[in-house]
Amino acid sequence: MYPPDLDSLHAFLPDDTLPAIAGILKAYTVSIKITKERKTKLGDYRWLQDRSEHRISVNKSLNPYAFLITLVHEIAHLTTYDQYKRNVKPHGLEWKQEFKQLMLPFFSQNIFPDDITKSLAKYIRNPKASSCTDINLMKVLRHYDKDDQEVTFLEEIAHNTRFQTPNGRIFIKGKRMRKRYKCVELNTQKIYLFSPIAEVTVSNVEL
């Protein structure tokens with residue numbers, strides 16, 4: 001038997017991966033929260049000082065492989081914080097090393113299909129702030145979603161291209177500002193920042 005927070009993960013993870021996750025977390029006081037889909041992030045880690053507790057959240061909408069990768073990403077934040085507190089960058093070299101070390105055992109278990117294994121192996125050589133800022137890995141993981149559909153990411157379309165978001169609003173893609181793109185909404189002329197992996201539709205709507 002696992003603690004309730006960990007036992008609830010069983011339905012969201014690939015088969016036979018819960019024991020490894022439980023083995024990593026057994027040394028920590030941590031709560032796991034499975035949340036509804038969030039458009040701005042897949043997972044989250046926080047140290048709750050008032051409770052002396054680590055807290056991790058992961059979107060329940062993720063397929064099992066994306067869920068596992070996201071969960072390990074957040075656990076790497078936990079283990080990095082446990083060692084270095086706030087003395088290192090959130091996604092600096094220390095976190096990257098932790099993420100690699102935590103992820104490698106799952107390769108030897110043959111958890112992932114071949115296409116994910118190849119993309120993930122390439123990604124963990126220099127992991128970024130989110131596994132799903134890597135377009136190639138994102139696309140491969142997307143094939144295992146229940147609603148597997150061809151999608152276009154903002155990163156893939158050309159500068160000054162007009163695009164439409166799922167809620168029907170029309171924007172023009174602008175310059176990249178560090179991690180996000182500066183885009184102008186045509187109707188209001190207001191500027192919004194978009195993630196490179198925002199799912200969009202190239203728009204032919206005349207305004």
Hydrophobic cluster membership, Leu48 vs Leu6, 4.5 Å side-chain cutoff | no

Is the centre of the Phe163 ring less than 6.0 Å from the centre of the Phe194 ring?
-> yes

What about Tyr45 and Val88, same hydrophobic cluster or not, with Ile/Leu/Val/Met/Phe/Trp/Tyr joined at side-chain heavy-atom distances under 4.5 Å?
-> no

Report yes or no: do Leu141 and Phe107 belong to one cluster of Ile/Leu/Val/Met/Phe/Trp/Tyr joined by side chain heavy-atom distances under 4.5 Å?
-> yes

Are Ile157 and Val184 grouped together when hydrophobic residues (ILVMFWY) are joined by side-chain heavy atoms under 4.5 angstrom apart?
-> no

Above 12 or not: heavy atoms from other molecules or residues under 6.0 Å from CZ of Arg176?
-> yes

Applying side-chain contact (heavy atoms from CB on, under 4.5 Å) between Phe106 and each of Ile69, Val72, Thr117, report the one that passes.
-> Val72

Side-chain heavy atoms of Ile21 within contact of Ile75, under 4.5 Å | yes

Relative to Tyr81, does Lys85 satisfy both conditions: NZ or CZ under 6.0 angstrom from the six-membered ring centre, and within 45 degrees of the ring's axis?
-> yes

Let me know which of Lys41, Glu37, Arg38 forms a side-chain hydrogen bond (donor to acceptor under 3.5 Å, both in side chains) with Asn59.
-> Arg38

Please state whether the rings of His77 and Trp95 are parallel, tilted or perpendicular, taking 30° and 60° as the class boundaries.
-> parallel

Qualifying residues under side chain to side chain contact (heavy atoms under 4.5 Å, CB included), relative to Thr29, sequence neighbours excluded | Glu53

